[in-house]
Amino acid sequence: MTDNQNETLRQAALEYHEQPKPGKLEIRATKPLANGRDLARAYSPGVAEACLEIKADERNASRYTARGNLVGVVTNGSAVLGLGNIGALASKPVMEGKAVLFKKFAGIDCFDIELDESDPEKLAEIVCALGPSFGAINLEDIKAPDCFIVERICRERMNIPVFHDDQHGTAIVVGAAATNALHVAGKRFEEIKIVSTGGGAAGIACLNLLLKLGVRRENVWLCDIHGLVYAGREEDMPPEKAAFAQQSDLRDLDEVIADADLFLGLSGPNVLKPEHVAKMADRPVIFALANPTPEIMPDVARKVAPDAIIATGRSDFPNQVNNVLCFPFIFRGALDVGATQINDAMQVACVDGIAELARTTTSAETAKIYKGEQLTFGADYLIPKPFDPRLSGIVSSAVARAAMESGVAARPIADLDAYKADLDASVYKSALLMRPVFEAAATAERRIVFAEGEDERVLRAAQAILEETTEHPILIGRPRVIEQRCERMGLEIRPERDFNIVNPEDDPRYRDYWGSYHELMARRGITPDLAKAIMRTNSTAIGAIMVHRGEADSLICGTFGEFRWHLNYVQQVLGTEEYHPHGALSMMILEDGPLFIADTHVRQLPQPADLAETAIGAARHVRRFGIEPNVALCSQSQFGNQAEGSGKRLRDAMALLDEAPRDFCYEGEMNVDAAMDPELRARVFPGNRMKGPANVMIFAHADAASGVRNILKAKAGGLEVGPILMGMGNRVHIVTPSITARGLLNMAAVAGTPVAHYG
């Protein structure tokens, strides 16, 4: 990197920390404080009630305060990674960063606490005195051997988890990477020889955990700056290091490295030489974790041992050993069961959870974030990526289970499967709202045909459908292309073995398909030759014919192309007097809950009967998500203040709705702000029939509905489920090109529910 690039990076980092407000954290209230009544509850006199409940039973602190989800990140700044002993104040940006990671990855709140105290026993005293404030303590960047003393004292005296992440977090991720590296190399913990450099806190913790995973102590050779740690050595031999002393006449790394299966480096740059690698066992495992320059660069090691399995601490090489894979999730599980400590069983469970996740198929969300990287389990993919959304559910639930089984959980969880589902829902914004739909879909086995079967998102969705539902995906596409893409993406599914394929280039049903299409379209200008051409080239028409012929229950199309182009072929084949599209409904998942928008795609200028039909259909579909519909008919007009235009069409739609009893609440026409603000609505139209904010908005123009939908996605972080095509008996749904693989999975669940389930 050039000097100019370094300076650019430096300035960008400083600006990131300074703008738009200094630092990376702020405190926000979780309860309203808008009036005197709120103030009386939040502070005097109401706060006294919570205080008395806690005084009567300390466990109530987790009910009435944030303590149960609050971690203290504590340091004295004596061993900041890559910076050394920079002191408490200078370490604050690092501790703020740690707190941000806790919040981002596990939803855990943190206070960073920088203590100007170098005496380890006094430091431990201060930390212990902080106990009433926190549900757990994360010790950070405290030098060895002081960190051993601080952690030991705090664990003995505090009845909450105390975890020095530099030691145990590193050890857990190393343990997971080693588990999978040995799996790839065909070796076992019980048999391997380990040579380690660096006798600091992290190195000692890694070796201790590897012993718990099955490594034999006599097979561990620890070297530090003075050479081999051997029996009888007196220099720099604290008890934690002396526990690994070897009875040997060997004295340095060059002598002990012979036939080593695993090199574990937590020391400094260029400690491991190419000639050392040459002496190691076949298929050596090299963890060169010094930062920023590892003990040996991967390309240098591979020149000597091309089959070496290598991990570093850097993000620009495969297999980055990063503590963020561990600490948010081990704390999440520990806090949720009220663990009194983080014990060996919980740490091993964390190792197993991380290692197991890497061996499964990569999630679509992870693949999107790390586009272009190889994410298939193997020598270059031993551990998951930090942004894999499955980490929370898998690792935290494994830790919680281990805490309960080992007897340190003060608040055991009765249903761990439901707990894992809740964790997943906290990561996947759609998971909680989609749960009723997935449960309904699980009661029936439906065949879902995907028109764009070669699309990467469709292939990942098909994998998830087979793993998470009872549905049977059918893909339209070329088998050779689909198989090659599955293999390239590391997907386990394969054509014909796991799902059926319709090959437009060569399918035995081709004659039947073009014949069926011609029969439907013969009096609408479609000749036999044109029917044949369409059934060779138009996957949407092919999928629609499959549904028409009863070979599939529902079609999903639209991952590329324009909505109305797909709609044209859908209407040609599947449109009847009974089944006709009368609106597209999008569920937008926002921070404060879902908001349904219609009609975003089908009718450009809906008439009163169309609008009434859309409102009725939207209410029916909203109930599929376990939500009671509150429908607002939205316009520039506000309760009759504009005589013509959209206001008139919506008023006429209201009149049509009023002609028969309805089982949902609706009101209009009104402005969007009146729909969302009950107080404003009451001022402009006292006595209106709607209670609370609207959760369904019906617009009189597709442009308005589509515009609101796109603004919510782009500016409010809204996640879309849909569009749901209403009026077609759940036999077809047309998505949009922006849909993700998880969005397709959600739509498959929507399509997977027989229409009888929702009326």
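Reckoned from all heavy atoms, side chains included, excluding hydrogens, waters and symmetry mates.
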Checking [X] now: which residues fulfil salt bridge (charged side-chain N to carboxylate O under 4.0 Å, His left out) with it, not counting sequence neighbours?
X      : value
Lys420 : Asp424
Arg59  : Asp57
Asp236 : Lys241

May I have all residue pairs that pass side chain to side chain donor-acceptor pair (under 3.5 Å) and include part of residues 194-209, sequence neighbours excluded?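 Matches after skipping sequence neighbours: Thr197-Ser267.
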Report the residues that fulfil side-chain contact (heavy atoms from CB on, under 4.5 Å) with Arg28, sequence neighbours left out, ordered by chain and then residue number.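 For Arg28 the side-chain contact (heavy atoms from CB on, under 4.5 Å) partners, ignoring immediate neighbours, are Glu26.
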Are Glu151 and His168 linked by a side-chain donor-acceptor pair shorter than 3.5 Å?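 Checked: Glu151/His168 side chains pair up, N/O donor to acceptor below 3.5 Å.
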Hey, are Lys122 and Glu125 close enough for a salt bridge, meaning a charged N less than 4.0 Å from a carboxylate O?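 Judged by the 4.0 Å cut-off on N to carboxylate O distance, Lys122 and Glu125 do not form a salt bridge.
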Below 4.0 angstrom, N of the basic side chain to O of the carboxylate: do Lys31 and Asp38 qualify?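 Salt bridge between Lys31 and Asp38, a charged N being under 4.0 Å from a carboxylate O: no.
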Check residues 338-351 and write down every donor-acceptor pair under 3.5 Å in which the side-chain atom is one partner and the other belongs to a residue at least two apart or another chain.
residue: Asn343; atom: OD1; partner: Ala345; partner atom: N; Å: 3.3
residue: Asn343; atom: OD1; partner: Met346; partner atom: N; Å: 2.9
residue: Asn343; atom: ND2; partner: Ser406; partner atom: OG; Å: 2.9

State whether Phe244 and Arg217 meet the cation-pi test: NZ (Lys) or CZ (Arg) under 6.0 Å from the six-membered ring centroid, and within 45° of the perpendicular axis.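 The answer is yes, since Arg217 meets both limits relative to Phe244.
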Hey, does the Lys NZ or Arg CZ of Lys212 hover above the aromatic six-ring of Phe189, less than 6.0 Å from the centre and inside 45° of the axis?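 Lys212 over Phe189 ring: no.
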Of all heavy-atom pairs between Val256 and Val195, which one has the smallest distance, and what is that distance?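 Answer, listing the atom of Val256 first, then Val195: O-CG2, 3.5 Å.
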Measure across Ile394 and Ser397 and return the closest heavy-atom pair with its distance rounded to 0.1 Å.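 Shortest heavy-atom separation between Ile394 and Ser397 comes out as O-OG, 3.2 Å.
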